[in-house]
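Remember, predicted model here, so these are calculated numbers, not experimental data. Naming: A, B, ... by sequence-line order, numbering from 1 per chain.
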There are 2 protein chains.
Amino acid sequence: MAKPRDSSKPGSSKPASSKPAGSKPESVTLTEVAGHAGVSRSTVSLVLRGSPLVAAETRERVQAAMVALGYIYNRGAANLRAARTHTVGLLVCELNNPFYAELTAGVDDVLDTEGFVAFIANTAEQPERQDRFLQRMREHNVDGVILCPAAGTQPELLDRLDRWRLPCVQALRFVSDQERDYAGVDYQAGMETVTEHLISLGHRRIAFVGGTLDHSAYAARHAGFTAAMRRHGLADDLVLRCPLTRRSGAEMADHLLNRPQAQTAAPTAALCYNDVVALGLMLGLEARGLRAGRDLAVTGFDDVPEAALSRPALTTVATSARQIGQEAARLLLRRIADPQGPPERIILPSRLVVRQSCGAPSDSLGGAPSPSLHHRDLS
Amino acid sequence: MAKPRDSSKPGSSKPASSKPAGSKPESVTLTEVAGHAGVSRSTVSLVLRGSPLVAAETRERVQAAMVALGYIYNRGAANLRAARTHTVGLLVCELNNPFYAELTAGVDDVLDTEGFVAFIANTAEQPERQDRFLQRMREHNVDGVILCPAAGTQPELLDRLDRWRLPCVQALRFVSDQERDYAGVDYQAGMETVTEHLISLGHRRIAFVGGTLDHSAYAARHAGFTAAMRRHGLADDLVLRCPLTRRSGAEMADHLLNRPQAQTAAPTAALCYNDVVALGLMLGLEARGLRAGRDLAVTGFDDVPEAALSRPALTTVATSARQIGQEAARLLLRRIADPQGPPERIILPSRLVVRQSCGAPSDSLGGAPSPSLHHRDLS
DNA sequence: CACGGTAATTGGATCGATCCAAAAGCGCAA
DNA sequence: TTGCGCTTTTGGATCGATCCAATTACCGTG
């Protein structure tokens with residue numbers, strides 16, 4: 001058989017262009033680029049991946065051909081052969097919470113600069129939905145996942161991910177404290193700090209308010225409360241669990257103040273699980289003619305934008321969601337690059353933000369020209 | 001040639017299991033499932049896609065084999081041959097805004113039930129970033145995109161998407177009012193309604209506050225203001241543009257009230273572009289010892305959670321972000337199924353939410369037991 | 001001029017599914 | 001027995017890239 005090599009005459013006898021009746025103008029392939037540049041497929045592939053093996057002159061010719069033909073890289077095809085897909089899965093438990101949205105933005109920041117893209121899923125705290133999505137992620141061959149585990153997630157899930165060889169970084173919460181990759185906030189220290197703050201203001205009877213789902217984040221926050229109280233020899237028995245909604249927070253006002261048959265004294269301060277509950281509680285107080293900071297000290301956790309905006313402004317603990325997202329993404333990329341490396345736990349510090357809701361240090365509560373128009377309070 | 005069919009003896013002479021030294025236990029392929037079930041690849045493929053061609057008995061056998069081997073579908077491989085990838089791209093312009101987060105959740109809802117997944121990207125209002133991401137979406141062969149165009153997006157972009165044969169649904173904003181798929185809110189009607197509300201309360205001099213970026217959403221809101229004012233023979237010249245941040249909103253307080261050299265009268269009401277600006281403005285008023293609803297009527301737009309929470313609570317226009325996301329996703333799926341169909345524009349209504357920030361109808365402003373603890377104000 | 005060594009390029013096999021035309025199995029009538 | 005139609009199954013060929021072993025080009029040396 002004769003071998004018709006036509007590398008010198010580009011665009012002449014290529015079988016690819018034998019059907020000029022333009023029904024499918026789509027998908028310029030690497031082979032066509034090769035023909036146009038007068039090189040082989042393999043060489044184009046090397047150029048594509050930035051290999052140092054190709055000569056500079058050749059590289060330029062190939063790149064010119066790619067531009068001329070409007071070539072677009074077909075990652076799907078590449079993924080089939082190569083190991084990597086340059087995609088990851090991101091599972092958050094409640095996207096509608098601004099906190100998680102911010103985290104997502106942080107993840108996106110890092111992935112974007114590294115040429116990765118993320119599949120997103122809102123598990124809405126439903127383990128079934130989480131399972132379904134993880135399954136889908138496997139089918140799409142993602143290189144790894146960032147997981148904010150839904151409440152009720154079984155630790156066994158992580159073992160399954162291991163078996164699947166699917167790198168996973170837990171964020172904000174974790175379902176098992178084994179040595180596993182994790183990025184989050186030091187909730188316990190944050191809670192200790194704000195509890196100490198209340199104690200330093202003279203409060204002795206403090207209630208811990210909010211939280212029903214059992215996960216690591218709840219445990220850590222509660223532990224912070226307990227640790228600080230015990231350190232000062234104070235009772236940590238006043239714990240009121242409730243859903244993490246404004247409505248529930250508002251309803252807790254009664255439980256806190258009207259305690260007819262209570263053997264113990266009423267609390268003078270409410271340490272809320274997060275800002276949402278705290279803001280709700282303040283609304284509840286107001287509806288009863290009471291005021292946070294005067295009649296009851298109230299603190300939150302998270303420092304959501306509303307916290308600076310409420311009257312009185314909410315004393316809370318700031319946790320930078322975006323930064324956690326960035327750290328989680330960076331950690332996942334490291335893990336993908338080196339699946340065998342030792343696990344890392346990245347714990348970011350939190351920061352106490354003192355406002356007026358627990359009796360301001362300078363005690364000009366509420367009133368006229370608000371002294372609280374700090375820079376960081378305005379987005 | 002003899003034909004050694006070994007359908008009865010599974011797992012005996014298959015070349016797949018010829019290398020038992022378990023270095024790569026991963027990736028059970030369709031071929032292996034076929035071997036285990038004693039059928040051909042093609043048949044397994046048909047089962048996978050739920051074809052009615054295969055006999056019921058065969059289907060069961062194949063499914064049993066898939067379970068037994070722990071088979072997982074490799075969509076990447078399938079995508080290479082088939083047209084569909086069952087993925088879409090979702091580009092939002094500011095994820096950190098809770099409004100877009102909610103929209104994202106809505107998109108996720110619908111895609112999840114249809115077996116699709118979304119790549120997410122936060123364009124942060126940067127057209128370059130938007131371009132880069134769209135490029136990446138093409139490389140990943142997404143079936144379509146949902147686009148909240150970044151401010152400054154050129155209409156030409158949509159033509160490019162057409163040329164690429166990439167179905168696209170615009171959401172919330174659009175860069176060209178040609179007949180194209182779109183899902184959004186009737187901003188103009190919403191603004192008209194709230195303007196009418198102010199007028200009905202007796203306001204004659206009303207300022208339109210906020211917005212710097214030029215896009216359809218700005219145009220529509222402004223048009224609503226103008227239309228309502230003109231209908232009542234009122235001047236619509238008082239327009240104060242500013243960035244969409246709380247800080248800028250706060251700073252607008254001065255511009256609104258201290259107008260030394262102004263030829264025209266000071267406004268009695270401020271119609272804000274959105275809630276963020278309105279909330280900022282209210283803070284600015286408060287810092288000057290003034291109060292929204294008493295000294296200046298203030299309205300917002302979007303009905304973000306904070307709106308119900310501020311003192312006084314903000315009168316605003318509710319737009320259900322989640323629903324828009326759902327509609328956009330449904331529309332995109334229709335378009336993917338039928339690329340040639342006629343374009344659709346889905347415009348959802350908005351709803352006026354009257355609270356206290358522009359002088360409550362029952363004029364018990366601010367004061368004691370708040371009457372506004374409605375159900376919907378509590379998340 | 002043959003030779004070794006490096007740099008650059010290449011063709012065939014391959015990843016794991018789908019597509020499609022062809023074939024096998026089967027019941028039934030001529 | 002043969003032929004026909006129907007259902008069910010099947011084996012290449014294929015999608016568009018990567019991997020790898022092999023080849024070619026080129027240059028300085030002995």
At under 4.0 Å, does any side-chain N or O of [X] touch on OP1 or OP2 of [N]?
| X | N | answer |
| --- | --- | --- |
| B/T43 | D/dT10 | yes |
| B/T58 | D/dT8 | no |
| A/R49 | D/dC19 | yes |

Between CG of A/L48 and OG of A/S42, what distance do you get to the nearest 0.5 Å?
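It is 12.0 Å, given to the nearest 0.5 Å.
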Nearest 0.5 angstrom please: A/H140 NE2 to B/H86 NE2, how far?
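Separation between the atoms: 8.5 Å.
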Donor-acceptor pair under 3.5 Å: do we get one between B/S40's side chain and the base of D/dG11?
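Per atom types, no contact qualifies.
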Inter-end axis angle, the helix from C/dC1-D/dG30 to C/dA30-D/dT1, with every axis fitted to five base pairs (rounded, 10 degrees)
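Inter-axis angle at the termini of the helix from C/dC1-D/dG30 to C/dA30-D/dT1: 80°.
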For A/E32 and A/T29: C-alpha separation, side-chain torsions, deciding distance, then whether side chain to side chain contact (heavy atoms under 4.5 Å, CB included) applies.
CA-CA 5 Å; A/E32 295 170 56; A/T29 75; 3.6 Å; yes
Measure [atom1]/[X] against [atom2]/[N] and give the value in whole Å, please.
| X | N | atom1 | atom2 | result |
| --- | --- | --- | --- | --- |
| A/L46 | D/dG16 | CG | P | 20 Å |
| B/R138 | D/dA17 | CZ | P | 12 Å |
| A/E32 | D/dG16 | CD | P | 8 Å |
| A/R41 | D/dT18 | CZ | P | 10 Å |
| A/N141 | D/dA17 | CG | C1' | 15 Å |

Mind listing the closest non-hydrogen atom pair of B/L95 and A/A105 along with its distance?
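Heavy atoms of B/L95 and A/A105 come nearest at CD1-N, 4.1 Å.
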A/T85 and side chain to side chain donor-acceptor pair (under 3.5 Å): which partner among A/N141, A/D143, A/N79?
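Output: one option passes, namely A/D143.
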Looking just at side-chain N and O atoms, do A/S40 and A/T43 make a donor-acceptor pair shorter than 3.5 Å?
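Their side chains do contain a donor-acceptor pair, which is all the 3.5 Å distance test asks for.
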For B/T29, answer base if it contacts any base atom (sugar-phosphate contacts may also be present), sugar-phosphate if it contacts only those atoms, and nothing otherwise; contact means non-hydrogen atoms under 4.0 Å.
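Answer is sugar-phosphate: B/T29 comes under 4.0 Å of backbone atoms only.
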Taking DNA chain C as the partner, which of residues 63-86 of chain A come within under 4.0 angstrom of it by heavy atom?
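The answer is A/L80, A/R81.
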Are any protein N/O atoms closer than 3.5 Å to N/O atoms in nucleotides 5-7 of chain D? If there are, list each pair with its distance.
none

